[in-house]
Every structure is written in C-alpha cells, then in structure tokens.
Chemist: 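Structure below; questions to follow.
Because only heavy atoms are used, hydrogens play no part in the values below, and waters and symmetry mates are left out as well, while side chains stay in. Just so we're on the same page: letters track the sequence lines, and every chain starts at 1. Just so it is clear, the structure is predicted and the values come from calculations on it, not from any experiment.
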Number of protein chains: 2
Amino acid sequence: MVAYYPTMDEVFRALADASRRALLDRLHARNGQTLSELCDGLAMTRQAVTKHLGILEAANLVTTLRHGREKLHYLNPVPIHQIGERWIRKFERNKLTALSELKRQLEKRDE
Amino acid sequence: MVAYYPTMDEVFRALADASRRALLDRLHARNGQTLSELCDGLAMTRQAVTKHLGILEAANLVTTLRHGREKLHYLNPVPIHQIGERWIRKFERNKLTALSELKRQLEKRDE
DNA sequence: TTGACATGCAACCATATGGTTGCCTATTAT
DNA sequence: ATAATAGGCAACCATATGGTTGCATGTCAA
C-alpha cells in the first residue's frame, strides 16, 4: 500500500471554511464522535456535514473508523502542524523588522 | 479613526488560494514591490493579480502605499502569526496523545 | 505637451462551492 | 421479524470565486 499525501493546498482549502473549522474544534473538544453527534445543534443537514467531513478526510485532517453502523471521526493534527512548520513559521521571522523595513524602503525611494 | 480588524475567517479564506500564497511568498522574498513587478512571469492578467492583492489587503495581509503612479505592496505577517498563535497552536497539544487516545477509545467501545 | 506607462473600474463568464431534497442500504434493538 | 437508527449516494440549485476583456484615469519622461 502506497500512502496518499494530500497537498498543502488541499489542507489550506479545507481549513478555509468556518463550518469545517468548527467541526475540527468539536473533535478537538471530544475526539471520536459519530456523524450524528457531529450534526447535533448545527444549522445544516446531515448530508452537508457529511460533505464537509469528506473534505476534511481527503485533506487528512480527519480519520474515520467504522464501528458497526456508526462512523467514528478522529482529528489528525499532523497536517495543521505541518502548515505551522512549513508555511507560517517563515513569515514570523520578519515580524519585528517589517515596520522598520517599510520605513527604510520609503526613505530610500524618496532619495 | 477606528481601526478595522479583519476576521480570522477572512484571513483563512485569503490564504486558501495558491496564487495568493505565491504573492505573499514573492513579497516575503522582496518586500515593497509594485503591481507590475508582482505580475511579472505570472500566467494571469494584471487585473486578476489586482483582485488577489485586494483580497490580501482586505485581510490585512498586505499593506499598500502609493508612490507617484506606482503602488507599493508590503507584507504584513501579523495576521499569519495570529493564526499560528490562536488556531494552530491549540491543535498541536494533542499531537502526541492522538494515537494512544484513539486506541483507548476503541477499546472502550468494544467493552 | 503628448505619448507611454502604472493602475483603476466595471461588466461579463465558466466553474467551484456549500447547501438542499429524495431515496437507498446496513445495522441494531424490541 | 421488523421498525427505528446510522449512514451513503446522486441529482439539483444558488451563489461565490477566479478569471477575462475593454476602457478610463493619473503620472512621468522626452
């Protein structure tokens, strides 16, 4: 079996929707919930939730497991962590220098 | 003047597009580029790039500055940093416990 | 001053996206 | 056995999104 690696783009797009982020939050609060449990209290049909979970699963943010007629959903934080590592970290470096650099460049342009 | 704060959703959505992330990468490599400069070598019209930059600006990921007929674009890494802090960090906590917790919950269900 | 350059604005278009409804299948409990 | 429960599948729909073309405006240089 060859592992399937979702692209970073897939992960970003999966995280772009507020409903999906809310589902991840729910799983973060309590892992291993069934589809019906995840639907509870949401202003959305079960089928809509199914689609969202499908997208999260495709992005490897959620792993599922059938247990009888139930489908259990587990959060996989690894892709989120990778985005933090590979993408967000590098933009943090110039956080402190950003403003001063802006000023510097402005002055340069006005020479 | 009252500061406008973009929602976290706006930032996530802005980051969801690969072209926009590429623009941020370009600004990260060299800050303060003009619109034309940012268009160079991209398989997209200037107007498409303008729209992307508008979305990035609305999400406060890019700040602009008119200098004569040119518009200079500066990266603002703060919202990216905030996403890292407020959203990504909390999912990293249970990284190590995720697998063991899965096993534990499975066993519990089989009792 | 006038042409070239940098950008802005608006209409338009195809496809992606988030959601719905309707129906079907599999499993569990009475 | 059979009804209720949990979930799957597919068609459909409205709107959002990412892109285009065409034209207008402001600024700089010869």
Side-chain angles (χ1 to χ4, degrees), chain A residues 6-7 9-27 30 32-59 61-74 105-106 109-111, chain B residues 6-7 9-27 30-59 61-74 105-106 108-111:
Chain A
T7 64
D9 190 65
E10 247 180 312
V11 180
F12 266 113
R13 299 186 83 95
L15 293 178
D17 186 88
S19 305
R20 286 194 287 272
R21 290 198 304 278
L23 285 170
L24 293 181
D25 276 333
R26 281 182 162 226
L27 287 179
R30 188 162 69 82
Q33 293 187 64
T34 68
L35 173 57
S36 317
E37 282 171 335
L38 288 171
C39 288
D40 273 357
L42 291 188
M44 224 187 301
T45 61
R46 174 177 55 85
Q47 287 80 352
V49 176
T50 300
K51 282 195 187 179
H52 282 307
L53 289 171
I55 290 169
L56 291 172
E57 214 178 325
L61 285 160
V62 161
T63 308
T64 64
L65 198 58
R66 283 308 284 263
H67 189 261
R69 65 178 162 180
E70 297 182 318
K71 189 175 193 179
L72 307 178
H73 297 79
Y74 293 90
Q105 295 211 9
L106 283 182
R109 291 246 170 200
D110 279 331
E111 275 166 14
Chain B
T7 65
D9 189 66
E10 247 179 312
V11 179
F12 266 112
R13 299 186 82 96
L15 293 179
D17 186 87
S19 305
R20 286 194 287 271
R21 291 197 305 277
L23 285 170
L24 292 181
D25 276 333
R26 281 182 160 224
L27 287 179
R30 188 162 69 81
N31 214 0
Q33 294 188 62
T34 68
L35 172 58
S36 318
E37 282 171 334
L38 288 171
C39 287
D40 273 356
L42 291 188
M44 223 186 302
T45 61
R46 174 177 55 84
Q47 286 81 353
V49 176
T50 301
K51 282 195 187 179
H52 283 307
L53 289 171
I55 290 168
L56 291 172
E57 213 179 325
L61 285 160
V62 160
T63 307
T64 64
L65 199 57
R66 284 308 285 262
H67 190 261
R69 64 179 163 180
E70 297 181 320
K71 189 174 193 180
L72 307 179
H73 297 78
Y74 293 90
Q105 295 213 7
L106 283 182
K108 208 169 72 184
R109 292 246 169 198
D110 280 331
E111 275 165 14

Chemist: Taking the side chain as C-beta and beyond, is there a heavy-atom pair between B/Val62 and B/Leu24 under 4.5 Å?
Modeler: yes
Chemist: Does a side-chain heavy-atom distance below 4.5 Å link A/Thr34 with A/Leu72?
Modeler: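 Contact flag for A/Thr34/A/Leu72 side chains = yes.
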Chemist: By nearest atom, which of the nucleotides D/dG19, D/dG7, C/dT7 is closest to the B/Ala48 side chain?
Modeler: D/dG19
Chemist: Take the protein atom CG of A/Leu72 and the nucleotide atom P of D/dA6, then report the distance between them rounded to whole Å.
Modeler: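 One finds 13 Å between P of D/dA6 and CG of A/Leu72, rounded.
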Chemist: Reading nucleotides 23-30 of chain C 5' to 3', which nucleotides get B (base under 4.0 Å from a protein heavy atom), which S (sugar-phosphate only), which -?
Modeler: ----BS--
Chemist: Do the side chain of B/Arg20 and the main chain of B/Ile55 share a donor and acceptor less than 3.5 angstrom apart?
Modeler: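 Side chain of B/Arg20 to backbone of B/Ile55: no pair is present.
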Chemist: For the pair A/Glu37 and A/Arg26, find out whether any cationic side-chain nitrogen is under 4.0 Å from an anionic carboxylate oxygen.
Modeler: no
Chemist: Quick one, A/Leu53 with A/Val49, criterion side-chain contact (heavy atoms from CB on, under 4.5 Å). Give me CA distance, side-chain angles, the key distance, then yes/no.
Modeler: CA-CA 6 Å; A/Leu53 289 171; A/Val49 176; 3.9 Å; yes
Chemist: Would you compute the distance between atom OG1 of A/Thr50 and atom NZ of A/Lys71 and round it to the nearest 0.5 angstrom?
Modeler: 7.5 Å
Chemist: Given atom NZ of B/Lys71 and atom P of D/dC28, what is their separation to the nearest angstrom?
Modeler: 16 Å
Chemist: Going by heavy atoms in the side chains, are B/Leu27 and B/His73 under 4.5 Å from each other?
Modeler: yes
Chemist: Quick check on DNA chain D: between B/Met44 and A/Thr50, whose nearest nucleotide comes earlier from the 5' end?
Modeler: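 Per heavy-atom nearest nucleotide, the more 5' residue is A/Thr50.
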Chemist: Can you tell me how far C1' of C/dG19 sits from CG of A/Leu53, to the nearest Å?
Modeler: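 From A/Leu53 CG to C/dG19 C1': 15 Å.
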Chemist: Tell me: CG of A/Leu35 to P of D/dG8, nearest whole Å?
Modeler: 6 Å
Chemist: So, A/Arg46 side chain and A/Cys39 main chain: donor-acceptor pair closer than 3.5 Å or not?
Modeler: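 Absent.
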Chemist: Less than 4.0 angstrom between a side-chain N/O of A/Thr45 and OP1 or OP2 of C/dT20, yes or no?
Modeler: yes
Chemist: Which parts of nucleotides 12-18 of chain D does protein reach within less than 4.0 Å, heavy atoms only, written one letter per nucleotide 5' to 3' as B for base, S for sugar-phosphate only and - for none?
Modeler: -----SS
